[in-house]
Amino acid sequence: MNIIVDKHATGVKARSTQTIMLLVLLALAPGILSYTVFISPLVIFNIIFAVCSAIALEWFAVHLRGDNGLNSIKDGSIALAAALLALCVPPALPFWQLFIGVLIMVMLGKQVFGGIGHNPFNPAMVGYAALLVSFPQSMTFWFTAAEWSAMGMQKPPLLSLLNAKLSLDIIASTPNIQWDGLTQATPLEHARSLRLQSLPQSSTELNQRAFGSGWIQTSLGFLLGGVFLLYKKVIRWHIPVSVIGSFALLSLLFSTNSLSLPWSLLTGAMMLGAFFIATDPVSAASSRRAQLVFGTGIGALTFVIREFGGYPEGFAFAVLLMNLSVPLIDHIDLLMSQRA
Amino acid sequence: MSTFGVIAVVALTIIVLIAMGALLSYLSRTGSEKHADPDAELIEAVNAVLPQTQCAQCGYPGCRPYAQAIIKNDEPINRCPPGGEQTIEQLSTLLGTPVLALDTSCGQQKPEQVAVIKEDICIGCTLCIVACPVDAIVGAAKLMHTVIADECTGCELCIPPCPVDCIDLIQPEQTAASWQWPKPAS
Amino acid sequence: MGMFGKEKKACMQGPLLFGFHGGLQLQPNKRALQNSTDPITELEAPHELVIPLLDYNKNSIAPQVELNQHVNRGQLLAAGIIAPATGQVMAIEPRHIIHPETIKANAVVLEVDKASDNQSVHMANQANHDSTAWDTQLSAFLNMPDNVLQQSALYGLGGAGFPTASKLDAALGGIQTLIINAAECEPEIACDEALMQTEATHIARGIDALVQLTQCRHCLLAIEDSMPAAIDAMSAALKSINAQVKLTVIPTIYPTGAESSLIQTLTGRFIPHNEKPSDHGIVCFNVATAYALYQAIGGKALDSRVVSLGGSAMPNPLNVRVRFGSSVEAILLATGNASVINTARLRAGGPLSGFDLDTPQVPITAQTNALLAEPCITETPAQPCIRCGECSDVCPAKLLPQQLHWYAMSDDHEKCQQLNLDACIECGCCDLVCPASIKLTQSFRYAKSKAKHIAQHQQKTLDAEQRFALHEARVAKRKQEKAHAIEQRKQSLKARSKPQSDQIKAALERAKLSAKSKKPR
Amino acid sequence: MSEYALIILTTVLVNNFVLTQFLGLCPFMGVSRSLESALGMGLATTFVLTLASALSFVIDHWLLVPFNVTYLRTISFILIIAIVVQYTEIVIRKRSPLLHRVLGLYLPLITTNCAVLGVALLSARQHHSFLEAVLFGFGAAAGFTLVLVLFSMLRARLNHANVPIAFKGNAIGLITAGIMSLAFMGFSGLT
């Protein structure tokens, strides 16, 4: 068939899928940088490991279907998903567990549905949630560079930590490190455990702790990247604003946490999630109005799970829950616009 | 358990059963006003899916009789060659039955076609006019007959009775009005 | 708003303009005007003209001329189709028509009689320049508009080719706003701009005639800000004849020229696809149609149009006025562009709304506004959709192209209707911004034509069912009648045999009696 | 009042019968082909479950427990459920023959929907009051309807996805259900 719309004659050059993915990866850079500096340099290893294994698995899966595996790697979507997964898991997660997460992400999150554009769920969040329910201990095992010094302890050399990451069980394999002395908790988990034990919570102490842990700095890095994406019009404001807005509103009204609002927005995965994860166009709702509903749902569910649920951070589950509601949201949105 | 208890249980059971019965009779009565014959509605729905070629390849004299047979006698839904896979699929979603492969003993699915009479050979025997289920052939005894192409369903029923084999089935020609945009390669 | 959000803001400027959703700012690229000194070059009628016998809905119509008949320029060939030149009917046979895929349609083939044709051109020009006659002609037209409209076979020159007479019929009475569309937003097309530069006064008179005919309250002439020469010429012309027309300069955003977008820009009203502008007291005409009306009032039928020759591979781009039925090949030969026939990709219409041609031996029609020559390219294959939503940001019909594409490709026509596919104006904006190079517009065209086909098929199915029911009823009735007739015949036989048997009985009785009476004897 | 709300919330989200207890998977996979049949099935199950849990409570509380024959629970509950299902089937057949046809075998199969029996038995074991039992049944059914509707919409979207042939149909359906279940685990521990 002949050419229907002659793009060349109009001189318009559209941004390719590849460019979009590369821009998002670029926008992750400030967040990754502050993560490395303020939380743990191990994240670099996690990212490299996750991206490489994801690319290999993607190539393998596409190859199995008899298609050209290189084409689907080239668009960069799987590298982005792998980087996001690596940024969500604790830095000390053993490599074999991370590999299982990547495997689930690529195979069950993406390829089984037909690859890019067909997956109803956010692949990175499928991998993350699967890891969280499978390895609850290592998936809630956080420590940060700042905490080492705060506890007045000698920071173990990077090499021995890497060595530990290569082993099956990080705690058993490093007897020379006093793991028990560490808090092993993100500020969110700490606040939650205080609340559950009905211990007195001091707002300033919690806030300081959150800052000291490096989470605030890292979240600011992701926020910066998110603003960059908004500026470059890679993402639209609807999802991030509705996610953060609904979460903030509910926190203001109902929170029993003494972590102050800006702090609770800047600890945990809120910034990374609102700008980089929830905005994944494939698994998000279609129209702008439906996207507002989608984002509001994510914010609200995150709040509910954080506040009342069994997990300190509910972002991944909130995204998955809203992902599975997307077809219904789109359907209702369509019915409403038809009536209008 | 006291006697009172037993009486209470029995009374309760009776009350519940009466209430249920009343509700049931109410619901089915109000319902039945809308659906005097539940089968008729289904037959109508099935008939709407069938291609209406009236070709009788299914073994029934037309599409409606086949629709009736599907609903009343549980006739399989795969006996319609002109409708082919698409019709079978539509019927299966309509009736909630599994998708079957076309029963080839009834015939093969063919592309859209219309009958054309070779007018110089036609002897005007009127046999095809009698055979046509949709009255798409016009003509009078001993005069030439012709097919109204717009009305012809391509059912082939006019072919066997023709004594001089002057009827052909052709694929309708592409015109500016019937042209369709091709599907882009995905 | 998206990647091209700035354009929308540009659209909002000025107190009277409203703007529309989406759209794209494209480079005008009007080679046809830039490279030549003369805005419009008049082309002589070629040796042979091919006039397809198709109506507005592309259905075949019967010819009203015979083989070898001599026809004069302006004479009716079939209902609504006139001869574009004086000549002889050489054949009435299926010929290739200008179409995305090579197909044939029944056509009248005219051999042009050059000498008498040139005579007609001369006469027509003389009539046109006789300005004192205009007022009498105009009042004659206003008294009996139908005469002129029918004789001159006017149809819209914007692209859809809708018969002007029907449009005016539907619109007459209750028209508030008359819009003259001179927004030529698609790149490469410059035919309207060239026309406005050369024939401003005549266009102004045509518009004035429309204003007086429709008795509208306001008349707006919309010209894009990218054509200052046309704006100057038109404003001077309108002033000189003192026409009640407001010239509105609108921003150059594709697809402002589409009727719905233009109405929205000028009036702020969004007209749903299943309603006509005339339902809202608005009617739109193309500026070239206004010019054609001017000529028709002067007694000259619509038999030619301005075509922009452009495209990056066209060696000699220019605007030409050609007769309908001239073949693309003849036009290219006459303008010194013959080299592109074998080396470049030929395209009828603009880069977005047009289509590629398989062969140059096709006749142009009233809808052919441009002929482009572009280098042959291989298109990037489509990648999977990542639902990024760029397409819905630029869609002037406010649709969700990414969802529509899914359903269009999986032939879910019900869902397509739900998503309002019929509102798509096929402007091609979504294709231009798609990061995955998906052929969205083609899939919508496919789904639309398929849905139309299905609807036709369903109608046929319904008819077949009814005819079958009637057939069955008739057969049953005949059977019953036959049975009834047999029964009657039996009855009547019985009835006839009854008196007989009585007679026999009586005879027997009598015989018996006589026998008895004889006995005593 | 809040405890009643909690019962509903818990049964709909936290202890969703399909996605966290894996009861009633048969109709979950079977009638999720279209939104209409999913909604119809959900409403029919809601009707059956609410009524059955009320009746089960009555029988259990006033018949089985007083006569000390609680070992007859399973059999008597099945009987009650069968009656209610039969009742529902008659109503649906009369009111919407097309839905009746579409639901087909799955309608009488509500009888053997383990979610229905499970709800009645769990409710009896947890010593609910009458209102609690009814809300428990209703909540379970609402949760069933919710995930059934969500799942049917998801499946409709998957129909257009480029799923590998080996995973087409029920295979991808079960994988999707698995990921849905994973998502619902986020509600665990919700208090």
Side-chain angles (χ1 to χ4, degrees), chain B residues 43-44 46-56 60-67 80 82-83 85-87 89-90 93 111-114 129-138 147-155 157-158 172-186, chain C residues 52-55 57-60 94 97-106 355 379 381-382 384-385 405-406 408-411 426 431 438-454 456-472 474-475 478:
Chain B
I43 290 169
E44 211 48 60
V46 171
N47 191 40
V49 170
L50 294 174
Q52 305 299 334
T53 47
Q54 320 297 353
C55 64
Y60 293 88
C63 293
R64 185 172 288 277
Y66 179 43
C80 179
E85 260 173 54
Q86 202 194 348
T87 297
E89 221 160 83
Q90 283 175 324
T93 36
E112 210 177 308
Q113 56 186 13
V114 286
I129 296 181
V130 176
C132 180
V134 290
D135 295 338
I137 305 179
V138 285
V147 178
I148 312 168
D150 279 351
E151 310 288 357
C152 176
T153 63
C155 68
L157 287 178
C158 51
E173 212 175 310
Q174 178 87 273
T175 65
S178 74
W179 182 79
Q180 286 179 43
W181 282 92
K183 196 175 186 170
S186 56
Chain C
L53 294 166
L54 294 174
D55 66 1
N57 291 320
K58 301 247 168 82
N59 290 316
S60 271
I97 58 170
I98 194 159
H99 199 266
E101 243 174 28
T102 332
I103 59 170
K104 287 183 174 181
N106 217 18
F355 47 84
E379 283 188 297
C385 167
H405 176 72
W406 264 29
M409 291 302 280
S410 53
D411 289 300
E426 302 170 22
D431 277 51
I438 296 170
K439 293 178 180 178
L440 292 145
T441 308
Q442 192 189 346
S443 70
F444 302 151
R445 288 185 180 169
Y446 158 75
K448 273 180 168 180
S449 58
K450 183 99 185 170
K452 198 174 135 204
H453 179 80
I454 288 175
Q456 280 168 354
H457 191 79
Q458 260 168 0
Q459 189 53 50
K460 198 178 166 183
T461 303
L462 226 68
D463 288 349
E465 193 193 347
Q466 271 177 2
R467 292 176 78 88
F468 176 63
L470 287 174
H471 176 89
E472 290 290 276
R474 205 187 61 230
V475 169
R478 194 174 288 168

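For the numbers below, each heavy atom of this structure counts, side chains included, while hydrogens, waters and symmetry mates do not. Below, read A as the first sequence line, B as the second, and so on, with proteins coming before strands; counting in each chain starts at 1.
- Within a 6.0 Å sphere centred on CD of Gln456(C), heavy atoms belonging to other residues, nucleotides or ligands number more than 12.
- Lys439(C) places no side-chain N or O within donor-acceptor distance of the main-chain N or O of Ala185(B), the cut-off being under 3.5 Å.
- The minimum heavy-atom distance between Pro184(B) and Tyr446(C), with the atom names listed, is CD-CB, 4.4 Å.
- Of the listed residues (Lys450(C), Gln466(C), His457(C)), the one with the most heavy-atom contacts under 4.5 Å to chain B is Lys450(C).
- Remark: His471(C) pairs with no residue by the ring-ring contact (aromatic ring centres under 6.0 Å, His included) rule, at least two apart or across chains.
- Between the side chain of Gln442(C) and the backbone N or O of Pro182(B), at least one donor-acceptor pair lies under 3.5 Å.
- For the pair Pro100(C) and Trp181(B), the minimum side-chain heavy-atom distance is below 4.5 Å.
- Counting only distance, with no hydrogens or angles, the side chain of Lys183(B) and the backbone of Met409(C) share a donor-acceptor pair below 3.5 Å.
- The shortest heavy-atom contact between Thr461(C) and Gln52(B) is CG2-CG, 3.0 Å.
- Between Glu465(C) and Leu50(B) there is no side-chain heavy-atom pair separated by less than 4.5 Å.
- Atom NZ of Lys460(C) has more than 12 neighbouring heavy atoms from other residues, nucleotides or ligands inside a 6.0 Å radius.
- Of all heavy-atom pairs spanning Ile97(C) and Ala176(B), the tightest one is CD1-CB, 4.0 Å.
- Residue contact with chain C, scored on non-hydrogen atoms closer than 4.5 Å, involves the side chain of Gln54(B) exclusively.
- Remark: Leu157(B) engages Pro133(B), Cys155(B) in a side-chain contact (heavy atoms from CB on, under 4.5 Å) (not counting sequence neighbours).
- In terms of non-hydrogen atom pairs under 4.5 Å with chain B, the most contact-rich of Lys452(C), His453(C), Lys104(C) is His453(C).
- When all heavy atoms are compared, the tightest approach of Arg467(C) to Asp135(B) is NH2-O, 2.7 Å.
- Looking at Asn47(B), only its side chain comes within 4.5 Å of chain C, counting heavy atoms on both sides.
- The structure places CG of Asn59(C) at 10.0 Å from OG of Ser178(B), a figure rounded to the nearest 0.5 Å.
- Rounded to the nearest 0.5 angstrom, Leu54(C) CG and Thr175(B) OG1 are separated by 8.5 Å.
- Distance CH2/Trp179(B) to NE2/His99(C): 5.0 Å, rounded to 0.5 Å.
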